[in-house]
Amino acid sequence: MTGYALVFSAKAGRLPRLLRMPTLASAAFRYDLERQLHDEVAIGMSAMAAQLDLVAVTASDPDLHARIGTLRATLCRVVDFVRDVGKSIYPPVLGGADFGAALRAVADHRDLKLQLDLPPYELAAQTRARVGLLVSDHLNTLSPGTVVRVRVRGRRLVRVSITENPQCRRSRKRWWGAARP
Amino acid sequence: MSPFAQALVGGGSAMKVAIAEDGALFREGLVLLLEAAGHEVVGCVGDGDALYGIVSTTDVDVAILDIRMPPEPDGGLTTAARIRAAKPDVGLLLLSHYAETHYLMKALEIGAERIGYRLKERVAGVQVLADTLDRIAAGEIVIEPVLAKRLVQNPSERTDSPLAKLTDRELDVLRLMAEGRSNTAIAKELYVSVKVVEKHIASVFTKLGLPNDQTMHHRRVLAVLTYLRASKIDGS
């Protein structure tokens with residue numbers, strides 16, 4: 001089943017445009033892709049960092065020791081990069097049960113000021129994943145420091161409203177989404 | 001024991017460590033690092049339930065757990081909570097590929113002492129791993145410095161935040177507390193005396209409205225938690 005999102009931009013004065021809500025298949029694909037990055041690439045490189053350190057502690061040559069240190073630092077930077085890519089593909093906390101925590105984690109990394117207004121009941125796991133990806137994809141496009149309000153309502157038909165800079169009328173933007181679980 | 005291991009263990013004592021990590025390659029690396037640091041690996045498994053079995057039946061000083069492992073999705077956190085409930089004296093080191101505030105909060109909810117949360121690639125070194133385990137065994141909370149710094153570098157700009165009442169120096173002290181530093185280490189970092197640090201900490205406790213009936217150690221944790229909750233993210 002497909003989902004959609006309408007985008008309103010009061011500042012630009014445009015008509016609403018459609019955003020595509022990730023399908024179930026696309027959400028599952030992104031989840032698997034992030035898991036592969038985590039389980040195969042990042043963990044493999046962390047294992048290499050451990051092995052390099054073991055070589056370094058037994059190396060008596062200071063030059064070799066320094067070169068291994070440089071290599072380990074490079075490896076850590078690559079892991080940082082892989083981590084950022086993985087988080088963009090599928091926020092790791094979204095895989096758990098706490099939907100709000102997942103969105104807060106995305107906002108935390110993007111340095112956004114997030115105001116969440118979530119329903120008092122739990123969304124179904126598949127809906128949570130799709131809505132979570134829709135919102136997190138949008139949060140990833142915002143500039144650091146942006147104040148953003150996310151409101152989620154509905155059970156069978158989930159409505160998502162994202163408002164940027166809610167205190168500032170001129171720069172207000174509303175994003176609407178709906179996903180039928 | 002290698003001379004390097006002897007030098008490391010000279011600073012602390014050899015510990016009995018159990019590991020649960022579902023990545024075989026990294027698990028093997030951890031075993032080699034721990035052995036190089038002079039510690040004894042009493043169990044090495046790929047899931048939380050198996051680790052709980054080991055800790056229940058074997059004498060373990062510190063358990064090292066991957067956060068994202070079976071039972072899914074966050075088996076490390078659930079297993080750590082089970083171990084802490086059954087064996088409160090066992091130190092817990094939670095490892096992850098991600099530095100997330102959410103995981104940190106969950107870890108601190110599990111325990112206010114003898115617990116750590118670190119990134120895998122950062123802790124994958126003999127010296128760093130040995131130091132982390134020593135601090136956990138000594139009762140400290142060890143937080144990944146990258147996470148602690150990120151959390152405290154941009155304090156809340158909200159005027160209603162409890163942190164708005166703190167001075168820059170008190171925020172510095174709180175940041176270092178969030179990194180799990182002792183008063184002595186904070187004093188060394190800020191080039192002040194331990195007494196001055198204690199004065200700043202007392203002021204932080206007062207300004208954050210932390211209850212007086214808590215022990216000093218719990219008030220430290222509460223101060224860090226207050227910071228985390230009052231950081232730049234809002235919502236429920």
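So you know, we letter chains A, B, ... as the sequences are listed, proteins then strands, and number each from 1.
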Colleague: Determine the option with the most heavy-atom pairs under 4.5 angstrom with chain A, choosing from B:G125, B:A24, B:S96.
Modeller: B:G125

Colleague: Near B:D168 CG, under 6.0 Å, is it more than 12 heavy atoms from other residues, nucleotides or ligands?
Modeller: no

Colleague: What part of B:L77 lies closer than 4.5 angstrom to a heavy atom of chain A: side chain, backbone, both or neither?
Modeller: neither

Colleague: Looking at A:R67, I'd like to know if its CZ atom is crowded, meaning that more than 12 non-hydrogen atoms belonging to other residues, nucleotides or ligands lie closer than 6.0 Å.
Modeller: no

Colleague: Kindly give the heavy-atom pair with the smallest separation between B:A124 and A:S46, and that separation in Å.
Modeller: CB-O, 3.7 Å

Colleague: Distance from B:D22 atom CG to A:D39 atom CG, nearest 0.5 Å?
Modeller: 6.0 Å

Colleague: Step by step, would you call A:I43 with B:L25 a side chain to side chain contact (heavy atoms under 4.5 Å, CB included)?
Modeller: CA-CA 8 Å; A:I43 301 300; B:L25 205 58; 5.8 Å; no

Colleague: Taking atom OH of B:Y98 and atom CD of A:E34, what is their separation to the nearest 0.5 Å?
Modeller: 3.5 Å

Colleague: Might you confirm whether atom NZ of B:K106 has over 12 heavy atoms from other residues, nucleotides or ligands at distances under 6.0 Å?
Modeller: no

Colleague: Testing the basics here: between A:P92 and B:Y103, what is the closest heavy-atom pair and its distance to 0.1 Å?
Modeller: O-OH, 3.9 Å

Colleague: Less than 4.5 Å apart, any side-chain heavy atom of B:Q127 and any of A:V57?
Modeller: no

Colleague: If you measure from the Lys or Arg side-chain nitrogens to the Asp or Glu carboxylate oxygens, is any gap between B:E100 and A:K87 under 4.0 Å?
Modeller: no

Colleague: Is any side-chain heavy atom of A:V79 closer than 4.5 Å to a side-chain heavy atom of B:H97?
Modeller: yes

Colleague: Out of A:L54, A:L52, A:V82, which one racks up the most heavy-atom pairs below 4.5 Å with chain B?
Modeller: A:L54

Colleague: Heavy atom to heavy atom, less than 4.5 Å: which residues from residues 69-78 of chain A reach chain B?
Modeller: A:R72, A:C76

Colleague: Is chain A contacted by the side chain of B:H102, its backbone, both, or neither, given a heavy-atom distance below 4.5 Å?
Modeller: side chain

Colleague: Between B:E121 and A:M48, is there a side-chain heavy-atom distance shorter than 4.5 Å?
Modeller: no

